[in-house]
Amino acid sequence: MAKEPTWVEKIFGEEKHQLDKSRRITVNFLLVAFSSFIAQGAYDEGFWNGVRFFLYDIGEDAGSVAQLNMYSWIPWIPKVVYAAFSDMVPLCGYKRKLYIFFGSIITGVAVGLAGWHGTTFRLQAIYMLLGCLASAWANVAVDAMVVERSRDKDALIAARLQAFTKCAYGLGMVISDVVFGFIIDWYHPRVCYYIFAAFQLATAFLALILEEEKSIVNTKEVFRKTTMVWRTLNHPKILFPVLVLVALLAMPIASEPLRMYFVEELHFSATFLGIMDAVCTLCGGIGLVIFAATLANTPMQSVFLWSTLGVIACNLWLVLLVTGISREMGIHDKVFAFSDKMVNNVISAICSNAIYTYAACVCPKGIEGMAFAAMTGLFNLGGAVSALMSTWLIDKFDIHCDEDEHGKLSNCRFDGLWKLVTLTALSNLIPLIFVVYVPSDPPRVFEDINSPFKSLADVTDFDDHLEGEGSALCVSSDSNMLSRALGLKGVNSPEDSRFFREDSSDDRMPLLQAVGGN
């Protein structure tokens, strides 16, 4: 006889109590997920502003910040390896909580050391690389926990879990923007490091109270899924569109020199920049609502094309601010920067949601986690290439500041900034040449990957299954459960809704971030 669900399970729509601890929605699980996603949101926004101002204080300029940003991308590229390792090698019998514990502990210690001892760029890079590597491992384990509690359940449960994690991530971004901006102005950027480190340590100890069943490794199953992920990514209907999206994300950006221009030339305070980032983050939420309510069933080619053109237009519009033409038009610098970033965030949110929707939709059922991690790893590779090209262009256009006798920035040169902004904006036209390789709708995928693949030998028939009728499209007539959970219409399949989180990161996506922020 089914046991009555707990009050927490009732909130998320469970009809019966889950006996498996690894699939049970509990207060402890929600605390760990909430803390982890808040920390990820804080890292992507407010904490990175603290890093930026700390580097300014030790005499580093926008080129160094962009270079450090590139280094921070590297640990996020092989996410699929972390996901497979977490599934294959339980620590003391646990596949999730000890990875979260050790990952959060190492991240907290590395970030704390970066604030206390990272007085040179080299030390900052070492500590940040270590922290990002540990954070990526913990993040993969947290994502896997959410997937485990969504699998084979009512779509409403997956939708509510996804909404919960999205809210936590957004809350971390908004709060950190305001709080860390105030701290930078009134105390010291170093304090941002300490606060973030303390939050990571708290997350680590929360993970210890997480309930989880002990696991036994099934190496054959892991090998089977790994082989199928490889086949998935090599299929032409998936490989070419993903490569186009990677190219789109690999284009250079001008966010770091623009942020330095705001601080050193226009004298925007950290508090104002934090408030601007917080408000514009909320505007990004408007973009998500617009996509879900009106664009989810729009051909993806059109969404990619027009949203990218919109981002290009917003970036080119900033040339008026950099050249001073906006001031001659009577528009205040803060008003111009604020309004441009608000519009940019709305359009960027639409474009990024379309990219991750496509990635989620082409993941066959049964290997969603590993396939999606592999694709987001490729997206992160594009981000690393973008940061590398941006660093080179900043040096090429001679945009930098000198260091005075007190170790502070002085004599900043921004003569080539308008050229950099123009070039980076127009470079986004290059991937659009190949947008024809992105289908109007995602390819058909399996309803149950375990059905056509009974053995490893059956993997050889994978291409035939992809070309066949398969099952329903990701965007289908019965995909309205997520919309009912969020009060929206016309969103994509709820089975894939749990993967819509932009890791970290969505990992962080340089092209799609609002110009002037990270």
Side-chain angles (χ1 to χ4, degrees), residues 28-54 68-69 71-76 79 82 86 91 94 96-118 123-146 164-165 167-181 183-184 187-210 212 501-508 518:
N28 292 347
F29 159 72
L30 294 178
L31 284 174
V32 173
F34 188 74
S35 176
S36 178
F37 281 103
I38 276 191
Q40 188 63 40
Y43 175 85
D44 287 350
E45 282 288 331
F47 173 70
W48 195 253
N49 285 334
V51 173
R52 183 181 290 112
F53 277 90
F54 188 86
L68 186 63
N69 185 22
Y71 292 152
S72 71
W73 276 94
I74 295 174
W76 292 91
K79 281 188 65 178
Y82 310 153
S86 177
L91 298 179
Y94 297 108
R96 310 301 178 209
K97 71 179 187 179
L98 290 184
Y99 280 102
I100 300 172
F101 173 75
F102 288 115
S104 299
I105 285 285
I106 295 172
T107 301
V109 171
V111 169
L113 286 173
W116 173 62
H117 187 246
L123 288 173
Q124 281 285 319
I126 292 172
Y127 290 135
M128 293 299 288
L129 265 173
L130 177 61
C132 288
L133 177 62
S135 179
W137 279 89
N139 178 262
V140 165
V142 173
D143 282 346
M145 285 198 315
V146 176
F164 175 80
T165 57
C167 288
Y169 181 79
L171 186 63
M173 295 175 73
V174 173
I175 293 177
S176 65
D177 278 332
V178 177
V179 174
F180 286 3
I183 289 172
I184 292 167
Y187 296 98
H188 193 277
R190 180 179 280 115
V191 180
C192 299
Y193 287 75
Y194 298 150
I195 293 176
F196 186 78
F199 206 86
Q200 287 289 344
L201 295 177
T203 302
F205 287 103
L206 281 174
L208 290 179
I209 63 175
L210 188 67
E212 183 182 359
R501 179 173 166 270
E502 298 157 15
D503 193 87
S504 241
S505 269
D506 115 196
D507 315 59
R508 305 191 331 267
N518 194 33

- Message: Quick check: do Phe199 and Ser176 have side-chain heavy atoms less than 4.5 Å from each other?
- Response: no
- Task: Compare all side-chain heavy atoms of Ile195 with those of Ile183 and state whether any distance is below 4.5 angstrom.
- Result: yes
- Name all residues meeting the ring pair (Phe, Tyr, Trp, His ring centres under 6.0 Å) criterion together with Phe101; count only those two or more places apart in sequence or in a different chain, and write none if there are none. Phe205
- Message: List the residues meeting side chain to side chain contact (heavy atoms under 4.5 Å, CB included) with Ile175, not counting sequence neighbours, and say none if there are none.
- Response: Leu171, Val179
- Atom of Leu31, atom of Leu206 and distance for their closest heavy-atom approach: O-CD1, 4.1 Å
- Note on the structure: Across all chains, not counting sequence neighbours, the ring pair (Phe, Tyr, Trp, His ring centres under 6.0 Å) partners of Tyr99 are Trp137
- Message: Between Asn139 and Tyr82, is there a side-chain donor-acceptor contact under 3.5 Å, judged purely by atom types and distance?
- Response: no
- Work out which heavy atom in Phe180 is nearest to a heavy atom in Gly46; give both atom names and the distance. CD2-C, 3.2 Å
- Message: Quick check: do Trp76 and Val140 have side-chain heavy atoms less than 4.5 Å from each other?
- Response: no
Would you tabulate the side-chain donor-acceptor contacts of residues 105-117 under 3.5 Å, counting partners in other chains and residues two or more places apart, or write 'none'?
{"from": "Thr107", "atom 1": "OG1", "to": "Gly103", "atom 2": "O", "distance (Å)": "2.7"}
{"from": "Thr107", "atom 1": "OG1", "to": "Gly131", "atom 2": "O", "distance (Å)": "3.3"}
{"from": "Thr107", "atom 1": "OG1", "to": "Ser135", "atom 2": "N", "distance (Å)": "3.1"}
{"from": "His117", "atom 1": "ND1", "to": "Tyr127", "atom 2": "OH", "distance (Å)": "2.9"}

- Query: Would Met145 and Leu210 count as a side-chain contact (heavy atoms from CB on, under 4.5 Å) if you check the C-alpha gap in whole Å, the side-chain angles of each, and the deciding distance to 0.1 Å?
  - Reply: CA-CA 11 Å; Met145 285 198 315; Leu210 188 67; 3.0 Å; yes
- Query: Who pairs with Ala138 by side chain to side chain contact (heavy atoms under 4.5 Å, CB included), at least two apart in sequence or on another chain?
  - Reply: Ser104
- Query: Under the ring pair (Phe, Tyr, Trp, His ring centres under 6.0 Å) test, which residues partner Tyr193, sequence neighbours left out?
  - Reply: Phe47, Phe54
- Sorted by chain and residue number, the side chain to side chain contact (heavy atoms under 4.5 Å, CB included) partners of Phe102 (sequence neighbours excluded) come out as Leu91, Leu98
- Query: Quick one: does Gln124's side chain have a donor or acceptor within less than 3.5 Å of a partner on Leu68's backbone?
  - Reply: no
- side chain to side chain contact (heavy atoms under 4.5 Å, CB included) involving Val174 - partner list, sequence neighbours excluded: Ala278, Thr281, Leu282
- For the atom pair CD1 (Ile100) and CD (Glu212), what is the distance rounded to the nearest 0.5 Å? 8.0 Å
- side chain to side chain donor-acceptor pair (under 3.5 Å) partners of Tyr71, counting only residues at least two apart: Gln67
- Item | Ala39 to Phe196 - nearest heavy-atom pair and separation | O-CE1, 3.2 Å
- Between OG1 of Thr165 and CD of Gln40, what distance do you get to the nearest 0.5 Å? 12.0 Å
- For Ile38 against Ala168, the heavy-atom pair lying closest together: CG1-O, 3.3 Å
- Message: Is any side-chain heavy atom of Phe53 closer than 4.5 Å to one of Cys192?
- Response: no
- For the student: nearest non-hydrogen atoms of Asp143 and Phe37, plus distance: OD1-CZ, 3.6 Å
- To the nearest 0.5 Å, tell me how far Ile74 CD1 sits from Met128 CE. 12.5 Å
- Kindly state each residue pair satisfying side-chain hydrogen bond (donor to acceptor under 3.5 Å, both in side chains) with at least one member in residues 195-206, sequence neighbours excluded. Ser35-Thr203
